[in-house]
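Here the structure is laid out as structure tokens; the discussion comes afterwards.
Please read all numbers here as calculations on a predicted model, not as lab measurements.
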Amino acid sequence: MNFPFVLVLALLFIAVWALVSYFLMRINRQNRTDKQAKVVQPAFRLADQWIMESQRKIEQFIESAEAPLGTAQHELLELRLEAGRLPQGVKNLRTLRESLVGHIRPLTLSKPLGEIVGLYLSPANFQPEGPGFVYLKTAMGMVPVLEAPKSGAITDAEMKGWLNRLSTHANSTIGGFLYFAGEENYRTFEANKAWADALRNHRLMALDFKGLTALLISLKVSHETNQMLQVFQTGVQNTVPLVGQSDKMGAALTSLGASVLNAQSALEGGVPSPSKEVKE
């Protein structure tokens, strides 16, 4: 074996290994230097912190908005479903109107006028004014109803007294109502043309028990319809501020996405563009 050759080969290997190690050490040192140069710049740390905070705000908002947005979606769906039931209300009222023109058979109630009215209307919708006299609350103001009590034959003097009392308190638009508690008395009134003409001239109307029942039922339905419409109108009006909100939310998210793309382009040498303000 040639010893000088082996020695030269070993020296050559050591020289190459030393040279490679030197360059690797220089490369590692340069990498560490470059890394340290990047890390020590406060601007990069601050920029990363701001972006991280923005990211965290979005994540927190997603968590906090999930419940109220889900509730709002549910409420809007329920509102649409309830609004879809309104035609059924129209149908029910149409059926009620058809029943009124048919042969109605209300349960006869041997009660004073005030108690009968109280069975149909809430206290806020009528006002008793002594025995046999009640004011009904209507869309055209308070309307008086006077009860002609059950008695024997009706006299002209009684009719004149009822007429005077009612006409004194009559509503300027509707007039008032004279309720005959006795069916016989109502038929007697109908047969007397002079009495009927006198009431008509004073814009007053006569009622038997069936007529009073129909009047109170229709007034009850009228009040409840107004209450229902107020509730629905409030519900609909509360949705008005939501109009256009989804478009604004979409525009704001699109603007953020475009801003991020623009920022990435600027970091890679592109020309930055100004941000566009999205109105709240």
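Nearest heavy-atom pair, L204 versus G175, reported as atom, atom and distance to 0.1 Å: CD2-C, 4.0 Å. The minimum heavy-atom distance linking L121 with F126 is given by the pair O-CE2, 3.6 Å. In plain terms, the two heavy atoms of E147 and A181 that are nearest each other are OE2-CB, 3.4 Å. Minimum interatomic distance between V145 and L113 (heavy atoms only, all atoms of both residues): O-CD2, 3.5 Å. A206 approaches F180 most closely through the heavy-atom pair CB-CE1, 3.9 Å. Minimum interatomic distance between M205 and L199 (heavy atoms only, all atoms of both residues): C-CD2, 4.1 Å.
No more than 12 heavy-atom neighbours from other residues, nucleotides or ligands sit within 6.0 angstrom of CD on E66. The local environment of CD in Q73 is sparse, with at most 12 non-hydrogen atoms from other residues, nucleotides or ligands closer than 6.0 Å.
Atom CG of N192 sits about 9.0 Å away from atom OG1 of T188, to the nearest 0.5 Å. Rounding to the nearest 0.5 Å gives a distance of 8.5 Å between CG of N185 and CD of E158. Interatomic distance, L178 CG to Y186 OH, rounded to the nearest 0.5 Å: 10.0 Å. The line from NZ of K137 to NE2 of H223 is 7.0 Å long, rounded to the nearest 0.5 Å. From T71, atom OG1 reaches atom CD of E78 across 12.0 Å, with rounding to the nearest 0.5 Å. Atom-to-atom distance recorded for R56:CZ and E59:CD is 8.5 Å, nearest 0.5 angstrom.
Within the 3.5 Å criterion, the main-chain N or O of S172 finds a donor-acceptor partner in the side chain of R203. When atom types are taken as modelled, the side chain of S255 and the backbone of A251 share no donor-acceptor pair closer than 3.5 angstrom. At least one donor-acceptor pair under 3.5 Å links the side chain of N238 to the backbone N or O of T234.
L215 and F189 are members of different hydrophobic clusters when ILVMFWY side chains are connected at heavy-atom separations under 4.5 Å. Note on I174 and L166: separate hydrophobic clusters, where clusters join Ile, Leu, Val, Met, Phe, Trp and Tyr whose side-chain heavy atoms are under 4.5 Å apart, directly or indirectly. When hydrophobic clusters are built by joining Ile, Leu, Val, Met, Phe, Trp and Tyr residues whose side-chain heavy atoms come closer than 4.5 Å, directly or via intermediates, Y179 is not grouped with Y135. Residues M140 and V221 are members of one and the same hydrophobic cluster, defined by side-chain heavy-atom contacts under 4.5 angstrom among Ile, Leu, Val, Met, Phe, Trp and Tyr. Residue L219 is grouped with residue L119 when hydrophobic side chains (ILVMFWY) are merged at heavy-atom distances under 4.5 angstrom, including chains of intermediate members.
Within the 4.5 Å cutoff, the side chain of F177 has no heavy atoms near those of the P144 side chain. Two residues are said to be in side-chain contact when any heavy atoms from C-beta on lie closer than 4.5 Å; I116 and L212 meet this criterion. No side-chain heavy atom of V231 sits less than 4.5 Å from a side-chain heavy atom of M228. Proximity of T225 to S222: side-chain heavy atoms (C-beta onward) are nowhere separated by under 4.5 Å. In this structure, the side chains of I58 and L256 come closer than 4.5 Å at one or more pairs of heavy atoms. By the 4.5 Å heavy-atom criterion applied to side chains, L216 and V117 are counted as neighbours.
Side-chain N/O atoms of Q230 and N226 include no donor and acceptor closer than 3.5 Å. If you check the side chains of E268 and Q264, you find no donor sitting under 3.5 Å from an acceptor. If you check the side chains of T95 and N92, you find no donor sitting under 3.5 Å from an acceptor. Looking at Q233 and Q237, their side chains never bring a donor and an acceptor atom within 3.5 Å of each other.
The pair E82-R85 meets the salt-bridge criterion, since a charged nitrogen lies less than 4.0 angstrom from a carboxylate oxygen. Ion pairing between a basic and an acidic side chain is recognised when a charged N comes within 4.0 Å of a carboxylate O; E224 and K220 show such pairing. Salt bridge annotation for E190-R187: absent, with no cationic side-chain nitrogen under 4.0 angstrom from a carboxylate oxygen. The residues D197 and K193 are annotated as salt-bridged, a charged nitrogen and a carboxylate oxygen being separated by less than 4.0 angstrom.
Of the residues Q55, K57, Q49, the one that meets the side-chain hydrogen bond (donor to acceptor under 3.5 Å, both in side chains) test with E53 is Q49.
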Test I217 against T213 for side chain to side chain contact (heavy atoms under 4.5 Å, CB included), laying out the working first.
CA-CA 6 Å; I217 287 176; T213 302; 3.7 Å; yes

E129 and Q127: CA distance, side-chain angles, deciding distance, side-chain hydrogen bond (donor to acceptor under 3.5 Å, both in side chains) verdict:
CA-CA 6 Å; E129 287 291 329; Q127 178 182 334; 2.4 Å; yes

Where do N125 and S122 land on the side-chain hydrogen bond (donor to acceptor under 3.5 Å, both in side chains) test, with the steps shown first?
CA-CA 5 Å; N125 292 323; S122 66; 3.0 Å; yes

Please walk me through it: do H202 and L163 pass side chain to side chain contact (heavy atoms under 4.5 Å, CB included)?
CA-CA 8 Å; H202 287 82; L163 179 63; 3.9 Å; yes

